[in-house]
Peer 1: 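Please find one structure pasted underneath; my questions will follow.
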Amino acid sequence: MKLAGYLSIQNQLPTESTEEYELRVLAVALGLSIERVRSIPSKQTFNLKERMAKIEFEPQKMRGDIKVGKVWYKVDWNLTDITAGQYIDLSAFAVSEANIHKSLACLLRPCKFYKWFPSKYSGAKHPAISEHLLDNMTIEQARPLMVFFCTLLQESVEATQTYLESQMKELETLLHKNGDGSQQ
């Protein structure tokens with residue numbers, strides 16, 4: 001399943017029964033109509049559902065490079081090594097699951113020759129890269145990246161909250177010590 005199909009499923013989260021949702025997921029994954037999926041033998045449907053669950057819930061191996069379509073990309077796993085432009089773009093796109101391809105385009109740099117010589121990040125090339133990822137990247141390829149960076153983002157938010165709380169406690173202590181916050 002390509003990212004575009006995954007996003008179309010996510011945009012229609014289950015308002016119907018679990019069975020209808022699973023049928024819709026299979027229909028998008030296979031590129032078939034829901035009626036055609038209903039006509040597939042139940043044993044085959046069960047195997048397809050198991051495969052989809054495996055993709056969704058089992059951890060996948062993370063690699064330093066990934067081939068999407070015919071293009072090799074270098075994955076920027078270490079967020080301390082990314083450029084300010086990458087960080088700003090990533091912060092802007094990481095607010096919605098509908099922007100998965102745009103977020104990933106901030107962290108994947110195309111290589112010029114096979115897996116070597118990754119290009120520098122360019123905001124001007126970002127739209128083309130994100131469209132390429134949307135159209136060609138499979139959910140099996142995107143899943144480990146999404147899990148890693150979402151976990152990292154969550155930990156970052158928690159660390160920021162803890163830091164801000166400690167700063168507030170220090171400020172409260174200072175205010176209570178002097179009564180007015182002055183440094184006497």
Peer 1: If I take atom CG from residue Asn99 and atom CG from residue Leu104, how far apart are they, to the nearest 0.5 angstrom?
Peer 2: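 Nearest 0.5 Å value for the CG-CG distance: 10.5 Å.
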
Peer 1: Keeping the roles fixed (side chain from Arg109, backbone from Ser119), state whether a donor-acceptor pair exists under 3.5 Å.
Peer 2: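 Yes, the answer is positive, given that a donor and an acceptor are paired below the 3.5 Å cut-off.
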
Peer 1: Does Lys70 have any side chain to side chain contact (heavy atoms under 4.5 Å, CB included) partners at least two apart in sequence or in another chain, and if so, which?
Peer 2: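 For Lys70 there are no side chain to side chain contact (heavy atoms under 4.5 Å, CB included) partners, ignoring immediate neighbours.
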
Peer 1: I'd like to check the side chain to side chain contact (heavy atoms under 4.5 Å, CB included) partners of Asp89; sequence neighbours left out, ordered by chain and number.
Peer 2: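 Counting only residues at least two positions away or on another chain, Asp89 forms a side chain to side chain contact (heavy atoms under 4.5 Å, CB included) with Phe93, Cys106, Tyr121.
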
Peer 1: With sequence neighbours left out, write down each residue that passes side chain to side chain contact (heavy atoms under 4.5 Å, CB included) with Lys67, or none if nothing qualifies.
Peer 2: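 With sequence neighbours excluded, Lys67 shows a side chain to side chain contact (heavy atoms under 4.5 Å, CB included) to Trp72, given in chain and number order.
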
Peer 1: Atom CG in Leu90, atom OG1 in Thr83: separation rounded to 0.5 Å?
Peer 2: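 That separation rounds to 10.5 Å.
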
Peer 1: Can you name the residues that form a side-chain hydrogen bond (donor to acceptor under 3.5 Å, both in side chains) with His126, not counting sequence neighbours?
Peer 2: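 Partners of His126 by the side-chain hydrogen bond (donor to acceptor under 3.5 Å, both in side chains) criterion come out as none, since no residue qualifies.
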
Peer 1: Give the C-alpha distance, both sets of side-chain angles, the deciding distance and a yes or no for side chain to side chain contact (heavy atoms under 4.5 Å, CB included) between Tyr73 and His132.
Peer 2: CA-CA 11 Å; Tyr73 290 91; His132 180 259; 2.9 Å; yes

Peer 1: For Gln167, check side chain to side chain contact (heavy atoms under 4.5 Å, CB included) against everything at least two apart and list the hits.
Peer 2: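 With neighbours one apart ignored, the set is Tyr163, Glu170.
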
Peer 1: Is Tyr87 reachable from Ile129 through a run of hydrophobic residues whose side-chain heavy atoms are each under 4.5 Å from the next?
Peer 2: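 Linked within one cluster.
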
Peer 1: Check the surroundings of atom CZ in Arg38: do more than 12 heavy atoms from other residues, nucleotides or ligands lie under 6.0 Å from it?
Peer 2: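 Yes, because the 6.0 Å sphere around CZ of Arg38 holds more than 12 heavy atoms from other groups.
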
Peer 1: Residues two or more places apart in sequence or in another chain: which of them pass side-chain hydrogen bond (donor to acceptor under 3.5 Å, both in side chains) with Glu165?
Peer 2: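 Glu165: side-chain hydrogen bond (donor to acceptor under 3.5 Å, both in side chains) contacts with Gln161.
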
Peer 1: Counting only N and O atoms by type, is there a donor-acceptor contact under 3.5 Å from the side chain of Ser130 to the main-chain atoms of His101?
Peer 2: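 Judged by distance alone, no pair lies under 3.5 Å.
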
Peer 1: Should Leu107 and Ile88 be counted in the same cluster of Ile, Leu, Val, Met, Phe, Trp and Tyr side chains packed under 4.5 Å apart?
Peer 2: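 They do not share one cluster, since no chain of ILVMFWY contacts under 4.5 Å joins Leu107 to Ile88.
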
